[in-house]
Amino acid sequence: MGTLGLRAGTVCAGLGGGPPGAHPPTLQGVDVSERVENRSEGQAAPATKAGRRLAAQLAEKKAAEARRRRQSMLGAAVGVLAVVALVGGLVWLNSGDDDKAATAGSSASPTAPVEPTEMPAPELPADIDPALKTKPTVQAGTGELTKLTVTTLVKGTGPAVKAGQNITTNYVGVFYKDGKQFDASWDNGQPATFQIGVGQVIKGWDQGLVGVPVGSRVQLDLPADLAYGNDAAGGRPAGPLRFVVDVLAAQ
C-alpha cells in the first residue's frame, strides 16, 4: 500500500504545479508552455500572410481603376481635339473658298482698263494705217457726259471684233474733264492683249469695242458708271474718262 501511494504522489508531482520558482510542468520531457506558444504562432502566421495578399489585391485593383480612369480621360481629350481639328479644317476650307471668290470678283474688275496676258504676239494687218504706229494726242472732252460715245478716228479694214475674242490694243486714257493722262500702253512699251465682251475689262470697253473693225482707232468717252465710278479709292481714275484705242488684232 505504501508503494502505491508513493507512485501516485510521484505522478501527481509530475503533473501538478511545483513550488515557486520551479520549472513549468512537463509531459514526457516537453515543455507545455512552449507547445502552446508555438501553436499560437502557427495560427497567427497564416492570418498575416492572407492579410498581405488581400492588401496587395486591393492595391492592384485600385491601380487598375486609376489606369482605366486615365485612359478614359485621355480618350475624351483626344475626341475633343479631333472635333476641334475638324471644325478648324472646315473653317479653313470655307475661308479658302471666300478668298477664291474674292479673287474672281477682283479679276472681273481690274484696276487698269486692261490686263495684258502672256500670249504670242499677234500678226498685225499688212495694210494697217500708219497713224496707228504713233501715239495719239488726246484732248479733254466738253459738256456733260451721260452715255457711252464711240467715235471712229481711223477705220480699219479687218474683220469686226466679236465678243469672246482676244484682242490686242494700244491705248491712251485721260480724264474727260481736263485731258490729264492717267494710263497709256504706249508708255509701257507693249500692247495689251485681253478678252473682250466677257467682263474682263471695264463695261465701256466691253460695250464700245465689240463690232469695231481690226485696224481701227476709236475714241471712247465713258461716263463714270461705265468706267471706275466716282470713287478714287485705291488710285483708280474717278469720274468720266476718255480713251483712244487702236485695235491691232483679234483672234
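Side chains included, hydrogens not; waters and symmetry mates left out as well; all remaining heavy atoms used.
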Please confirm whether the backbone N or O of Lys155 pairs with a side-chain atom of Ser216, one donor and one acceptor, at under 3.5 Å?
-> no

Taking side chain as C-beta onward, heavy atoms only, is Leu222 less than 4.5 Å from Leu148?
-> yes

Does anything in residues 201-218 pair up under salt bridge (Lys or Arg N to Asp or Glu O under 4.0 Å), and if so which pairs, sequence neighbours excluded?
-> Arg217-Asp246

Got a sec, which pairs hit salt bridge (Lys or Arg N to Asp or Glu O under 4.0 Å) with one end in residues 170-179, sequence neighbours left out?
-> none

Do Phe194 and Thr169 come close enough that some side-chain heavy atom pair is under 4.5 Å?
-> yes

Side-chain heavy atoms of Leu248 within contact of Pro191, under 4.5 Å | yes

Can you tell me how far the CD atom of Gln219 sits from the CZ atom of Arg242, to the nearest 0.5 Å?
-> 3.5 Å

Are the aromatic rings of Tyr171 and Trp186 close, with centres under 6.0 Å apart?
-> no

Could you tell me whether a side-chain N or O of Asp129 sits under 3.5 Å from a main-chain N or O of Ala131, the two making a donor and an acceptor?
-> yes

State, yes or no, whether a side-chain contact exists between Phe243 and Asp183 at a heavy-atom distance under 4.5 Å.
-> no

Side chain to side chain, Leu220 and Leu209, heavy atoms closer than 4.5 Å | yes

Lys135 and Val172, any side-chain heavy atoms less than 4.5 Å apart = yes

ILVMFWY clustering at 4.5 Å (side-chain atoms), partners of Leu145 = Tyr176

